[in-house]
Undergrad: 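I have a structure here, written as structure tokens, and I will follow up with some questions on it.
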Amino acid sequence: MKILDRYILTTYLKTFLSVFIILMMIFVLQTIWLFIKELAGKDLDVIVIFKFLIYYSPKLIPLVLPLTILLTSIMVFGSFAENYEFAAMKSTGISLQRAMAGLSVFIVILGILTFFFANNVIPWGEYESYNLRKNIAKLKPAMVIAEGQFNDIGAINIKVAKKTGDKGQFLHDVIIHKKTPNGVGNYTTIVAKEGEFLAQENSDILKLILTDGYYYDDTPPKKLKERRRKPFTKSAFDTYTINTDLSQLNNVDLDDKNVTDKYNMLDVTDLGYTIDSLKAERDKEYKKFTKNVYDRYGIQNLSKLKNKEQDTVTIANDSLFEGNILDAFNKYKRLQIVELAVNNITSTQQIIRTNEKSFKAKSTWLNKHIIALHEKLSLGFACIILFFVGAPLGALIRKGGLGLPMIIAILLFLTYHFIGLFAKNSAKDGTLDPVLATWFSTLVMFPLGVFLIRRATADKGLFEFDHILIPLKKILPFQDHSRDAFPDGLSRDFSDFKRYKEDKLLALIKDPTAYNYHESGKIEALNTLEERNLDLEAIRLRGINISPEFEASKRLVSLFSIHSKFALIFNIIGIALLVLYFILRNNKMPELATSSIQLSIISFVIFVIYYIAQQLNLKTLNVRLQKNKSSNIPFIILGFIIYPLANVFFKHKVKADISKNAVQHLN
């Protein structure tokens, strides 16, 4: 291994481990917050809680590892570019691909290890954590009751609309089904407005006191004659007490592991076998259903209805009848056939509706197994792809540390994660192919990685809009005046200014043409000096004549940039939240959809405020530069509608104006 590869790999590993540990701690704390209701108030010792976190941690790797790789890549390569280490590499003939070569081998090996981790460790963690959670939940039944759904507690099945109290002991709008001793049927129903759990600390008896309710019982009698009468008992009560023996429930072995067949507990081999079995079972059910529907119509028995003596139409034996089938029967038989067809259609529709939920549930269960299988395969590839997205992106933004790289990494990862999440949710009900859904987010990131590598290799900016700007400049009401009235043949490439020393930059401000640069380079040289923490007053002391008019215009442009940046941010946030609103609504998440549209409206309101401030900045700048042009209202409205694109033109216009102003007032 060469020194350069060792240096890059060492730097990457140090940052990787730091970021991984930080993110893992954040996600583990989020896990504690998520399951605090299941852990609190259970009299659990520290070892059990620690085991729960250890078992649950492997499930976090599919979230933590891709985000760690993406963030680390942006941070490390951004730091290399910011500190001109890439510039030094390029000066010796080392390209970006060569700098990434040694690290790419490490990422590929990490991707392979990730597959084995997803295939072995994550199913083990899921198996252990699921059974531990199930056993913990049995320790205190009051904590098990979830609002709005039926919950099994001993000999009753209970549903409550709301729980209150410090331990959830007060219940509201209670519905209870009592189980029969033999486990066949639930014939007793109890409905009450209020309920309360009472239990002593050392007692195995759970007392449930119900108030203001009704007791319904329709237990069928043993005798058939009495059962035909369908007896029914109803009574009202002010207070009703149910005692449940919890001696078996509280005798819980936290190490018991009797659930082993969940799809996320299986490895690739078990998933492949289970998928084949589920497909065979589903196909068998489809064939059975098809045969039952066919037999119900009795088409094969249609010929038995024909009475040759009463038929008005004679059909030769062994002949193919091509007319209306009803013409082969008399009126009485026709009526029978039509009635039979109507009844069959009605009953078949009912059977289809009844079996639809069953078939949908089986398809969903099969799709979940397919998604679980391909998730194990796609995770390693996702890590590799995100590395090839993050590394060139860091080289392009040229910024290290935890500031801008953290924001970009989180935005990219959320995009990757939510694309995959919504694709998988759509695949579970069969809307999208489960194989495509699992790989969809990775496939979306792949062309982005190719694009960023090409841009970084060619040493180009992240985005270029010249192919859009040039045609539209002829249409829109502004032009780049910085090139007017100046001779051609002078360089307008000012990328080397960042390497020049202070004395040369001051000389360029005085006369850029002496160095074969266009006069618009004055503002570029001035901006470079300001980036080196030299303000206008310090530059003026070094012999540069800066007029008060230019200084005022420069402050106005800085204010314009701030307003423009915030307007763009809130516009993009508003659009993203608006799109998210439709996605959430289509995925039947009304509460999140409502929150999304409310935040979107707030973002657009803030955008409008900053957009108005930006336009006022432009108007003030035009007045200061003595450009007495009336406001172009249609263009302002158009810019409001397509702001992300119009913002590019606004910045282009301001840059051109301040560049022309610099030529006149800097010497």
Undergrad: Ring centres under 6.0 Å, that's the criterion: do Y286 and F359 meet it?
TA: yes
Undergrad: Would you say K376's side chain and A118's backbone share a donor-acceptor pair under 3.5 angstrom?
TA: yes
Undergrad: I'd like to know if the side chain of D267 and the backbone of N119 have a donor-acceptor N/O pair within less than 3.5 Å.
TA: no
Undergrad: So P123 and L266, do their side chains get closer than 4.5 Å, heavy atoms only?
TA: no
Undergrad: Within the 4.5 Å heavy-atom criterion, are S603 and L577 side-chain neighbours or not?
TA: yes
Undergrad: From I26 CD1 over to L63 CG, what is the distance, rounded to the nearest 0.5 angstrom?
TA: 12.5 Å
Undergrad: I'd like to know whether Y12 forms a side chain to side chain contact (heavy atoms under 4.5 Å, CB included) with S73, so could you lay out the CA-CA distance, the side-chain angles of the two residues, the decisive distance to 0.1 Å, and finally the verdict.
TA: CA-CA 8 Å; Y12 190 90; S73 302; 3.1 Å; yes
Undergrad: Do the non-hydrogen side-chain atoms of T114 and F381 ever get within less than 4.5 Å of each other?
TA: no
Undergrad: Show your reasoning for whether side chain to side chain contact (heavy atoms under 4.5 Å, CB included) applies to W439 and L377.
TA: CA-CA 9 Å; W439 292 88; L377 302 173; 3.8 Å; yes
Undergrad: Just one of L379, I385, I419 clears the side-chain contact (heavy atoms from CB on, under 4.5 Å) bar with T442, so which one?
TA: I385
Undergrad: Return yes if some donor-acceptor pair links the side-chain N/O of S600 with the main-chain N/O of G574 below 3.5 Å, else return no.
TA: yes
Undergrad: Would you call F387 and L103 a side-chain contact if the rule is heavy atoms closer than 4.5 Å?
TA: yes
Undergrad: Given side chains that start at C-beta, do those of L210 and I242 come closer than 4.5 Å, heavy atoms only?
TA: yes
Undergrad: Counting N and O atoms only, with roles assigned by atom type, does the side chain of H369 sit under 3.5 Å from a partner on the main chain of W365, one being a donor and the other an acceptor?
TA: yes
Undergrad: Do you see a donor-acceptor pair shorter than 3.5 Å between the side chains of Y581 and S595?
TA: no
Undergrad: Going through the checks in order, is the side chain to side chain contact (heavy atoms under 4.5 Å, CB included) test met by V28 and L60?
TA: CA-CA 8 Å; V28 168; L60 303 176; 4.0 Å; yes
Undergrad: Return yes if a side-chain donor-acceptor contact under 3.5 Å exists between H177 and T189, otherwise no.
TA: yes
Undergrad: Between the side chain of T364 and the main-chain N/O of K360, is any donor-acceptor distance below 3.5 Å?
TA: yes
Undergrad: Atom CG in L65, atom CD1 in I69: separation rounded to 0.5 Å?
TA: 4.0 Å
Undergrad: Contact between P392 and R455 at the side-chain level, heavy atoms closer than 4.5 Å - yes or no?
TA: no
Undergrad: Taking the side chain as everything from C-beta on, heavy atoms only, tell me whether Q97 gets closer than 4.5 Å to I453.
TA: yes
Undergrad: Is K424 salt-bridged to E375, cutoff N-O under 4.0 Å?
TA: yes
Undergrad: Side chains of L373 and V435: closer than 4.5 Å at any heavy-atom pair?
TA: no
Undergrad: Apply side chain to side chain contact (heavy atoms under 4.5 Å, CB included) to residues F388 and M445 and explain how you reach the verdict.
TA: CA-CA 9 Å; F388 285 102; M445 287 295 168; over 6 Å; no
Undergrad: Any ion pair linking D283 and K288 (charged N to carboxylate O, less than 4.0 Å)?
TA: no
